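All remarks here apply to the structure that follows.
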Number of protein chains: 2
Amino acid sequence: MLESHYSDIRSLEVFAAMDDDQFEALMRGSYVQNFPPQIELISEGEPSDFLHIVLSGSVDLFSSWNGRETSMATIHPISTFILAATIKDAPYLMSARTLEKSRVVLIPSQDVRAIFMRDAEFARAIVGELAQCYRTAIKSTKDLRLRTSLERLANYILRQQKRAGGSAKIELLTEKRRLASYLGMTPENLSRAFKGLVPYGVTVNGNRIHITDQEDLERFAKPSPLIDDYRT
Amino acid sequence: MLESHYSDIRSLEVFAAMDDDQFEALMRGSYVQNFPPQIELISEGEPSDFLHIVLSGSVDLFSSWNGRETSMATIHPISTFILAATIKDAPYLMSARTLEKSRVVLIPSQDVRAIFMRDAEFARAIVGELAQCYRTAIKSTKDLRLRTSLERLANYILRQQKRAGGSAKIELLTEKRRLASYLGMTPENLSRAFKGLVPYGVTVNGNRIHITDQEDLERFAKPSPLIDDYRT
DNA sequence: CTGAAGCATTGACATTTATCAATCGTGTCT
DNA sequence: AGACACGATTGATAAATGTCAATGCTTCAG
């Protein structure tokens, strides 16, 4: 693998504290590949052969059952995904597909596990990462169980606004059909939900969202750090 | 703390491999307490002062938002809970209450974090535990997103049956109102869902569930190891 | 420029789920 | 035994969400 990405990857929390030699070893065994959009990188149920890192582009994690499909999360650069399956040497619970042209690092799971056993700093870093993933999953479950679809959309908009710096005008970076799936509803209902937010100070035009009444929206959405703050 | 529980706790996967001295140190700083039923042990949002271990009885993890409440999981002996919050030194995302008279070990979170930094074996064991928790959370999200309430109930019954050894007659160990909350529905709908399963070979009488047609139920429930097998 | 493809939107309708109120059943206390 | 408390069930109704079909709007290839 080209050394040009080393520093980017190294700056990830999971790899930051580990031993130099171990990191080199990990990188030497890994591959970097470019994928076109809509390529299925992994399929749920398969053994976890590689730990993945998105360097550029974006990746959708989704799951299927009985002919239905749901989008579980979107991975943006630079981050790893399916770390838990790699560590436990267990089958993937989600499938992954590129949303756009993406550059992805593949690190053989065996190597990750071997170095996990050797390098205590690496092990500790993985603890931090997994705890984060777990807590994010719990938050997402709370979002789903405690809120209606309208409330989920309202809070999603507020989260995106925060990520974008707090401006009253933000842009949707995902297709609406995928956003609908992510929010646990149909595209038709997402359309209606956007209309349902007009009384609370939200207007939509294509990908542009305009928050005309921040206070009103927040009063309706009732965002909570225990659900909506993905950093803690 | 009394030494009589040491071996029980030590046999937990998280504590099994760690250094003897470190384990002793952890135990020396911890408390064992007996709680009556319906006591709120922790509240979401609070700082995570203690790692908890249920020795006997059972504990319900639940969350609230905007006046609504949902049961997230039930903890049975012997297991830890809220490990992620302890390790990250972050606020609890869920509240916990005893369901029955319960014996609980409280280990100061500071001690856990200190020993986590010192003992590499402990750190690795925590990785295993967190990966497990994460994967269980993902499975539960898939259950919720991909299945109707009737399907969730059907699969719940099959999981309980497996846990109970596979007999055609099993007993519900939880109140129906709490089961309803856990399955993401109202008690009224749980009643109707049980009736809705009669055509697929399930009859209910109080706490007793009788699976009269195993094949039919499985054909309807379509259980999947990627959702319903909590061990992998 | 034009047509085809694909997503988004809308309306009508069906299904699922929640809510409210009443009733039933069971166990407990006196 | 009788009264009470409490969860479970039932029925009627409302609200939320999904489905289907038709239409609108962009984008992009030819």
Side-chain angles (χ1 to χ4, degrees), chain A residues 36-38 60 64-71 97 99-101 143-157 171-200 202-209 220-221, chain B residues 37-38 60 65-71 97 99-100 143-157 171-200 202-210 220-221:
Chain A
Q38 303 301 334
D60 188 39
S64 310
W65 178 80
N66 196 24
R68 294 165 218 166
E69 183 181 307
T70 185
S71 175
R97 75 163 72 90
L99 290 170
E100 40 188 324
K101 193 165 161 301
D143 189 46
L144 211 57
R145 296 177 82 123
L146 291 166
R147 290 171 171 164
T148 66
S149 58
L150 198 58
E151 290 162 344
R152 288 200 295 277
L153 175 59
N155 281 290
Y156 175 84
I157 291 173
E171 208 154 326
L172 283 181
L173 17 59
T174 84
E175 257 186 327
K176 283 186 184 162
R177 51 170 43 231
R178 242 175 20 79
L179 173 58
S181 175
Y182 171 72
L183 292 174
M185 55 179 123
T186 58
E188 291 96 326
N189 263 325
L190 178 60
S191 267
R192 291 168 190 133
F194 273 124
K195 293 206 164 160
L197 287 182
V198 170
Y200 302 106
V202 177
T203 58
V204 185
N205 195 312
N207 282 336
R208 294 178 198 293
I209 297 184
F220 171 73
Chain B
Q38 304 299 333
D60 189 39
W65 178 80
N66 195 24
R68 294 165 220 166
E69 184 182 306
T70 185
S71 176
R97 75 163 71 93
L99 289 171
E100 40 187 324
D143 189 46
L144 212 57
R145 296 177 83 123
L146 292 166
R147 290 172 171 163
T148 66
S149 58
L150 198 57
E151 290 163 345
R152 288 200 294 278
L153 176 59
N155 280 289
Y156 174 84
I157 290 173
E171 207 154 325
L172 284 181
L173 16 60
T174 84
E175 258 186 327
K176 283 187 184 161
R177 50 170 43 232
R178 242 173 24 76
L179 174 58
S181 175
Y182 171 72
L183 291 174
M185 55 179 122
T186 58
E188 292 96 326
N189 264 326
L190 178 60
S191 265
R192 290 171 191 131
F194 273 124
K195 292 206 165 161
L197 287 182
V198 170
Y200 302 106
V202 178
T203 57
V204 185
N205 195 309
N207 282 336
R208 295 179 196 292
I209 297 184
H210 189 184
F220 171 73

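Just so it is clear: chains get the letters A, B, ... in the order the sequence lines come, proteins before strands, and each one is counted from 1. In this text, all values refer to a predicted model and were calculated from it rather than measured experimentally.
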When the distance from [atom1] of [X] to [atom2] of [N] is rounded to whole Å, what number comes out?
X: B/Arg177; N: C/dG25; atom1: CZ; atom2: P; result: 19 Å
X: B/Asn207; N: C/dG25; atom1: CG; atom2: P; result: 17 Å
X: B/Leu190; N: D/dG7; atom1: CG; atom2: C1'; result: 12 Å
X: B/Arg178; N: D/dG7; atom1: CZ; atom2: C1'; result: 14 Å
X: B/Leu172; N: D/dG7; atom1: CG; atom2: C1'; result: 14 Å
X: B/Met185; N: C/dT15; atom1: CE; atom2: P; result: 20 Å
X: A/Asn66; N: D/dG18; atom1: CG; atom2: P; result: 16 Å
X: B/Leu153; N: D/dA8; atom1: CG; atom2: P; result: 14 Å

Could you check whether A/Glu188 gets within reach of a base, just the sugar-phosphate, or nothing at all, counting any heavy atom under 4.0 Å?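 Base contact.
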Take B/Glu175 and A/Gly184, find for each the nucleotide of DNA chain D with the closest heavy atom, and name the residue whose nucleotide sits nearer the 5' end. B/Glu175
Under a 3.5 Å distance rule, please check whether [X] uses its side chain to pair with a backbone N or O of [Y] as donor and acceptor.
X: A/Asp60; Y: A/Arg97; result: no
X: A/Lys176; Y: A/Gly206; result: yes
X: A/Ser181; Y: A/Ser71; result: yes

Return the CG to CG distance between B/Asn66 and A/Leu146, rounded to the nearest 0.5 Å. 9.0 Å
Would one find a side-chain N or O of [X] under 4.0 angstrom from OP1 or OP2 of [N]?
X: A/Thr186; N: D/dG18; answer: yes
X: B/Lys195; N: D/dT10; answer: yes
X: A/Ser191; N: C/dT10; answer: no
X: A/Asn189; N: D/dT17; answer: no
X: B/Ser149; N: C/dT17; answer: yes

Checking only heavy atoms, does the side chain of A/Arg192 share a donor-acceptor pair with the base of C/dG11 at less than 3.5 Å?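 It does, because a donor-acceptor pair links the side chain of A/Arg192 to the base of C/dG11 below 3.5 Å.
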Set out, in order, the CA-CA distance, both residues' side-chain angles and the distance that settles side-chain contact (heavy atoms from CB on, under 4.5 Å) for A/Ile209 and A/Phe194, then state yes or no. CA-CA 10 Å; A/Ile209 297 184; A/Phe194 273 124; 4.0 Å; yes
Any idea which of C/dA8, D/dG7, D/dT9 is nearest the B/Lys176 side chain? D/dT9
